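Quick caveat, the model's predicted, so the values are computed rather than measured. Naming convention: chains lettered A, B, ... in sequence-line order (proteins, then strands); numbering from 1 in each chain.
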Amino acid sequence: MTREPRLIVLLVTLLVTTACAGLLGACSHARVQPAPQRQAGTLVALLPDADDGTVGRAFVSTPSGMAELQSARASTSVVGNGAPGAVAPLSEADVQALFGSALSTMPRRARQFTLYFQFESDELTAESRALVPQVLQAVKDYPFPDVEVIGHTDTTGTAASNVGLGLRRATLVRRLLLDAGLEGSIVDATSHGEADLLVPTPDETREPRNRRVEISVR
Amino acid sequence: MLLSLRWIAGALVVVIVPLVASAAEPGAAGRIKVVSGPVFVVRANVVTPATAGQALFEADTLRTGANGRVGITLNDDTRVSLGPDSEARLDQFVYAPAEKRGGLVLEVVRGLIAYVSGRIAKLSPDAVKLETPNAIVGVRGTTLVLRVDAK
């Protein structure tokens, strides 16, 4: 019962402030200015992650001010050239009424698999090898799927040689996926080398958990 | 005879093009995953109807008509969707983690847009920006919605 009036109030406030800002802008200028025009308006809201509820953080800035969004459904509006308005939460009903059309069209979240090799070997561990059928199954959940195989290393050796090592391992895993039946045109092999550590370490540190191949299905 | 051969060749091209649309395309930034109602891609000032499965490139604009909606997934797993009467341009997409480079700038011209961050936001926290005609949103993650009323 209460949600629709609240939504109307929100929208009317936006429109009225837009119109007022336009009038003020015109009044402060010379009289030869044409009739006041509607100004640009931006409404921004931060939402909890649909899958795990995580709330991120965002900064809304204009030449005249800044607002920080850091709690669930926190929102701010910017009218014309003004500063961002006071941060206030939207209700879940407001979010659905305003943004439901976009939110319901969001593609499915990418799914990740992490694979490990046996020590000093080009053979996957038994557990990792067992993930391959799961990857093939997951691909079926996505329309027009893409599969990215990303090689990662630890920080032993140079950055450049680790990019090469990561790519070699990603290519091996890509081959496994193709042999298991995936179409080559949807599977890419890439390498992040030592630039994307799972466990942060200093340079020149052996860390088996960082030597991995990640598969992203999206 | 020559004319009919040309016609057949033309027909073959028309048939083949949609088949290769799902192939990984070099230089692509992502792919359109969901299309509903009128949706268009503007590339180098040429407007073409969007199709699900189509590759997207840096500098492409997505435009939806009344009742149009579209959802895309970029190569770093970032996801973006647009509601009706909306327009957004992929101003910048740089995803090169091995070289420690990443950047994503999405220009929201008008309408409704939802954004869920991917790997670029994780690896380069200050590198993701959603720009509207009168504000810049710096995104640390993860889910944001914007409504932009153009002037």
Side-chain angles (χ1 to χ4, degrees), chain A residues 14 18 37-50 54-62 69 78-82 84 95 98-110 112 142-146 148 150 159 163 166 183 185-188 190-193 195-196 216 218, chain B residues 20-24 30-36 52-54 67 69-77 79-84 86 97-100 108 110-114 116-119 121-123 130 132-151:
Chain A
L14 244 179
T18 305
Q37 286 188 325
R38 230 172 122 237
Q39 292 191 323
T42 298
L43 170 65
V44 186
L46 179 71
L47 301 187
D49 188 275
T54 311
V55 177
R57 205 167 164 208
F59 303 89
V60 182
S61 55
T62 76
L69 306 179
V78 180
V79 178
N81 298 325
V95 169
L98 285 165
F99 298 105
S101 63
L103 288 168
S104 65
T105 314
M106 187 63 77
R108 178 190 283 263
R109 158 197 285 270
Q112 265 85 40
Y142 292 81
F144 307 98
D146 292 286
E148 190 179 1
I150 308 166
V163 172
E183 195 194 318
S185 62
I186 66 164
V187 188
D188 270 336
T190 61
S191 174
H192 292 186
D196 191 358
S216 183
R218 59 179 177 247
Chain B
V20 297
S22 71
R31 192 184 298 286
I32 298 176
K33 300 287 186 180
V34 189
V35 168
S36 156
Q54 183 179 349
N67 301 319
R69 297 190 278 182
V70 63
I72 67 170
T73 304
L74 299 177
N75 290 351
D76 75 320
D77 299 343
R79 293 173 291 152
V80 174
S81 59
L82 271 64
S86 303
E99 301 156 35
K100 297 190 186 289
V108 186
R110 66 195 160 88
L112 301 167
I113 191 166
V116 183
S117 59
R119 291 166 189 263
K122 212 173 94 198
L123 294 169
L130 309 178
T132 80
N134 66 341
I136 296 174
V137 184
V139 186
R140 291 286 171 82
T142 52
T143 306
L144 279 167
V145 283
L146 278 80
R147 177 191 142 125
V148 174
D149 300 308
K151 202 163 149 180

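Taking CG from Leu98(A) and CG from Leu112(B), the interatomic distance works out to 7.5 Å, rounded to the nearest 0.5 Å. Here CD of Glu148(A) is found 9.0 Å from CG of Asp76(B). Values are rounded to the nearest 0.5 Å. Rounding to the nearest 0.5 Å gives a distance of 10.5 Å between CD of Glu99(B) and NE2 of His192(A). Note that CZ of Arg119(B) is 3.5 Å distant from CD1 of Ile150(A), once rounded to the nearest 0.5 Å. Once rounded to the nearest 0.5 Å, the distance linking CZ of Phe99(A) with CG of Leu146(B) reads 7.0 Å. Here the OG1-CZ distance, from Thr73(B) to Arg108(A), works out to 11.0 Å after rounding to the nearest 0.5 Å.
Shown here for Leu46(A) and Thr143(B), the closest heavy-atom pair between the two residues is CD1-O, 3.5 Å. For Met106(A) against Val80(B), the heavy-atom pair with the smallest separation is SD-N, 3.9 Å.
Both the backbone and the side chain of Lys33(B) come within less than 4.5 Å of a heavy atom in chain A. Proximity to chain A (any heavy atom under 4.5 Å) is restricted, for Ile72(B), to the backbone atoms N, CA, C and O. Using a 4.5 Å cut-off between heavy atoms, Ser36(B) makes no contact with chain A at all. Thr190(A) does not touch chain B: none of its heavy atoms, backbone or side chain, sits under 4.5 Å away. Interface remark: Asp49(A) contributes backbone and side-chain atoms alike to the contact with chain B (heavy atom separation under 4.5 Å). Only the backbone of Ser191(A) comes within contact range of chain B, with at least one heavy atom under 4.5 Å from a heavy atom of that chain. Proximity to chain A (any heavy atom under 4.5 Å) is shown, for Ala135(B), by both the backbone and the side chain. Heavy-atom distances place the backbone of Pro48(A), and not its side chain, under 4.5 Å from chain B. Using a 4.5 Å cut-off between heavy atoms, Val44(A) contacts chain B through both its backbone and its side chain.
When atom types are taken as modelled, the side chain of Thr105(A) and the backbone of Val70(B) share no donor-acceptor pair closer than 3.5 angstrom. Between the side chain of Arg79(B) and the backbone N or O of Pro107(A) there is at least one donor-acceptor pair closer than 3.5 Å. The backbone N or O of Asn75(B) lies less than 3.5 Å from no partner atom in the side chain of Asp146(A), so there is not a single donor-acceptor pair.
The candidate with the highest count of non-hydrogen atom pairs below 4.5 Å against chain B, out of Ala102(A), Gly56(A), Pro84(A), is Ala102(A). With chain A as partner, the option from Gly71(B), Gly138(B), Ala114(B), Ala121(B) having the largest number of non-hydrogen pairs under 4.5 angstrom is Gly138(B). Per-residue heavy-atom pair counts under 4.5 Å with chain B were compared for Thr54(A), Val55(A), Asp196(A), and the maximum is reached by Asp196(A). Most heavy-atom pairs under 4.5 Å with chain A: of the set Ile136(B), Val148(B), Thr132(B), this distinction falls to Ile136(B). Counting heavy-atom pairs closer than 4.5 Å to chain B, the top-ranked of the candidates Gly193(A), Ala195(A), Ala45(A) is Ala45(A). If you tally non-hydrogen atom pairs under 4.5 Å between each of Ala98(B), Gly118(B), Gly83(B) and chain A, the highest count goes to Ala98(B).
Qualifying side chain to side chain donor-acceptor pair (under 3.5 Å) partners for Arg57(A), counting only residues two or more places apart in sequence or in other chains: Glu68(A).
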Chi angles and distances behind the side-chain hydrogen bond (donor to acceptor under 3.5 Å, both in side chains) call for Asp77(B), Gln112(A):
CA-CA 10 Å; Asp77(B) 299 343; Gln112(A) 265 85 40; 2.8 Å; yes
side-chain contact (heavy atoms from CB on, under 4.5 Å) evaluation trace for Phe144(A) with Gln54(B)
CA-CA 9 Å; Phe144(A) 307 98; Gln54(B) 183 179 349; over 6 Å; no
